[in-house]
Amino acid sequence: MSRDHVQSAERPTDDGGAPPGDAEAPFLDLLARGATADAYEQPVLRARAEGRPAERIAALEHAKLLALRVRAELEGRRRREAELSALFETAHDLAGLRDVDAVLQAIVQRARSLLGTDVAYLSLNDPARGDTYMRVTEGSVAARFQQLRLGMGEGLGGLVAQTARPYVTDDYFRDERFRHTTTIDAGVRDEGLVAILGVPLMLGPHVIGVLFAADRRARVFEREQIALLGSFAALAAAAIDTANLLTETRSALADLEHANEIIKDRSGVIERASDVHDRLAELVLRGGGVHDVAAAVSEVLDGTVEFTEADAAPADALEASRAEGHAVPHRDGWIAAVTAGGELLGALVLRGHPGLDPVDQRTLERAAMVTSLLLLARRSAAEAEQRVRGELLDDLLDARDRDPRLLRERAARLRADLDATHVVLAARLDTAAPDADQEADARRRLWSAASHLAATRQGLAAARDGGTVLLLPLAPGDTATDLARRTARHLGTAVHEPVTVGASAPVAHPAADPDAVVAGYEEGRRCLDALRLLGRAGDGAAAEDFGFLGLLLAGDRDIGGFVERTIGQVVAYDARRGTDLVRTLDAYFACGMSPARTKDALHVHVNTVAQRLERVGRLLGDDWQSPARALEIQLALRLHRLAGPAQS
């Protein structure tokens, strides 16, 4: 408002005793200097002191009132300008929000400054606990106050949070409009607060907290101050909402990044799984074995994978893998049971790789499944081959009129040579089964183990007479006895029960002489029965191991072989040297093993007898005079003597 306008609008007319035109001048100077309200009394007091006319004093009073009105208007405008500036700065902070705590702290600081209060603070609702708690304080000095939690409806702040309306009190402890609690009152008393103004922080229709301004003395908050604090509360709510949105956005971005990583990882997993599938399929198609599968999986898993038999794998881990149907960790690696139809066939053991992700674990499990399929296929092929081997041996034993050429061809397809020297072996379990089913199962296991041995030794095997018969080639330098004992040990280990094996004498050409195979089987069975009668269950032996009893066990009564095995070296020595050791032995036993009587019977010196007997000992061994050996030697001497004329 211009000075001329003030004068023309406010100055009284002439008939009303208007003051002189310069009455406003001192007050304009005060307005220009921004003087305090008290200073506007000075021109009036000075005029009265100087005894100025009443018209002059009245004009000064009127000008003072106008000046004070103008001053109040200017003060209000400056205050509103400061408030708008603070709100603008707060909105600017909100636009560049980086730290929600910093923005809330700035809001509380500006609210305290503009409202001129001792303390300003902001609380937020806690939906999980159903109360509200202090988030930011400015000007507070009491620790208990800064840690207050207000239940809904408790204290002035709880009432604001519950009703979503501003509340103000000029004396907190005398105000009965809200519910006082000991905890809240103690915190307010520690802080020394008296007058408190609280306005709600709103997000849509929901209250999320309360913004407070408080003084430590009684005070009346004007409507403009309540509105100003409400504006700050709206900005604080916007800051919190923006922070929540930013948090949600960051979380969504993190989730998207994580999902992208998962997709990439799954893509790599699918490629690896496809590669494993292709490798395993190729192995199966080209006839690979279980060890080829283990080698392929070793490359994929970057570890060492081996196939082991069930009895060679750790029992606890293997049983756990079979029960769970998954690979299980064991020490520094993993074990996957190889099973088929509930039968445990072995295990894939991964070493040097203690940590496996689920995909690698499934890869190992898939390899175990492929291994079981290969083992089943191999078993089926082996069983088919076993049946063919058994049928061929059955034909040798039962259909002796078969064409030898056809027999050789069938044997050749099984990689067996029926023109080589073989031994017929009869094998039988020596443990009584508790029932017929278990006995049948034990026999099947024996037949399976014998068939596997025959296949690896390029021989034949068949189930027969409650046991198993084998036709195995005899290696150069080997004996039927050695072969029988090795076979007994091998089969016993395979079936985990004692297996007794009786062997025949060597059969030179099985294909050309099936009768010799039949006789060999009978001889092997007699040896088997003899071992069991002698208490040697689980052992292996041939007829040659039974001395002169072997003559009874042997199918062809091999007298010449018995003589040769018993005194052959002595006979050969006489033939080479022209000595008379055989006759000396005969006389020695006839004379009751007395050298003195022997020298009389031979008409030689006793020393000559001693020298000859010493030579016999070197040829037959030091134990030749033991009762058992002496009996066999005497029988051999008699058979040699009986066969002598026929040979001559």
Side-chain angles (χ1 to χ4, degrees), residues 34 37 69-97 100-125 132 134-140 150 155-172 175 177-178 188 191 193-243:
R69 287 171 56 189
V70 171
R71 179 180 181 278
E73 183 70 21
L74 291 174
E75 286 292 330
R77 290 184 179 183
R78 282 195 293 269
R79 185 174 62 253
R80 285 193 295 274
E81 181 181 353
E83 292 171 355
L84 290 174
S85 176
L87 290 173
F88 175 78
E89 290 176 359
T90 302
H92 182 270
D93 291 343
L94 181 59
L97 179 67
V100 66
D101 288 333
V103 173
L104 294 180
Q105 188 69 48
I107 288 173
V108 172
Q109 289 175 346
R110 287 166 185 157
R112 178 192 178 203
S113 175
L114 287 175
L115 270 67
T117 57
D118 297 320
V119 181
Y121 50 98
L122 183 149
S123 67
L124 292 180
N125 291 357
T132 182
M134 292 291 186
R135 174 67 183 272
V136 181
T137 63
E138 178 66 24
S140 173
L150 292 74
L156 185 143
L159 187 61
V160 174
Q162 186 180 50
T163 63
R165 294 175 53 192
Y167 272 84
V168 61
T169 179
D170 56 356
D171 193 337
Y172 174 85
D175 199 328
R177 291 177 299 166
F178 45 84
V188 173
E191 196 61 56
L193 301 181
V194 177
I196 303 176
L197 166 63
V199 295
L201 277 66
M202 305 288 296
L203 277 182
H206 303 292
V207 178
I208 63 170
V210 180
L211 179 61
F212 299 88
D215 261 339
R216 296 187 174 95
R217 63 184 184 283
R219 171 178 175 171
V220 176
F221 288 96
E222 304 294 339
R223 181 176 301 174
E224 292 83 359
Q225 293 173 322
I226 296 174
L228 176 61
L229 194 62
S231 298
F232 276 114
L235 291 175
I240 294 171
D241 188 38
T242 302

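For clarity, every value in this text was computed on a predicted model and none was experimentally measured. Start at 1 with the first residue, then count along the sequence.
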Rounded distance [0.5 Å steps], [atom1] in [X] versus [atom2] in [Y]:
| X | Y | atom1 | atom2 | value |
| --- | --- | --- | --- | --- |
| L193 | D215 | CG | CG | 8.5 Å |
| L150 | M134 | CG | CE | 6.5 Å |
| E222 | R219 | CD | CZ | 8.5 Å |
| I107 | F232 | CD1 | CZ | 8.0 Å |
| R110 | S231 | CZ | OG | 14.0 Å |
| R217 | D118 | CZ | CG | 5.5 Å |

Where is the tightest heavy-atom contact between [X] and [Y], given as atom of each residue plus distance?
| X | Y | answer |
| --- | --- | --- |
| G155 | Y172 | CA-OH, 4.1 Å |
| I226 | P166 | CG2-CB, 4.2 Å |
| A161 | N125 | CB-OD1, 3.9 Å |
| V194 | R216 | CG2-O, 3.6 Å |
| G198 | L156 | N-CD2, 4.0 Å |
| T132 | S123 | OG1-OG, 3.2 Å |

| message | I'd like to check the ring pair (Phe, Tyr, Trp, His ring centres under 6.0 Å) partners of Y121; sequence neighbours left out, ordered by chain and number. | response | F145, F212
| query | Is the CZ atom of R223 crowded by more than 12 outside heavy atoms at less than 6.0 Å? | reply | no
| note | Residue set satisfying side-chain contact (heavy atoms from CB on, under 4.5 Å) with A164, at least two apart, ordered chain then number -> M202, V207
| Partner of L201 under side chain to side chain contact (heavy atoms under 4.5 Å, CB included), chosen from L104, V160, I208, D241 | I208
| task | Would you mind telling me which of D175, L197, V199, I196 makes a side chain to side chain contact (heavy atoms under 4.5 Å, CB included) with V168? | result | L197
| Residue pairs, two or more places apart or on separate chains, that pass side chain to side chain donor-acceptor pair (under 3.5 Å) and touch residues 156-167 | none
| query | D101 versus R135: any side-chain heavy-atom pair under 4.5 Å? | reply | yes
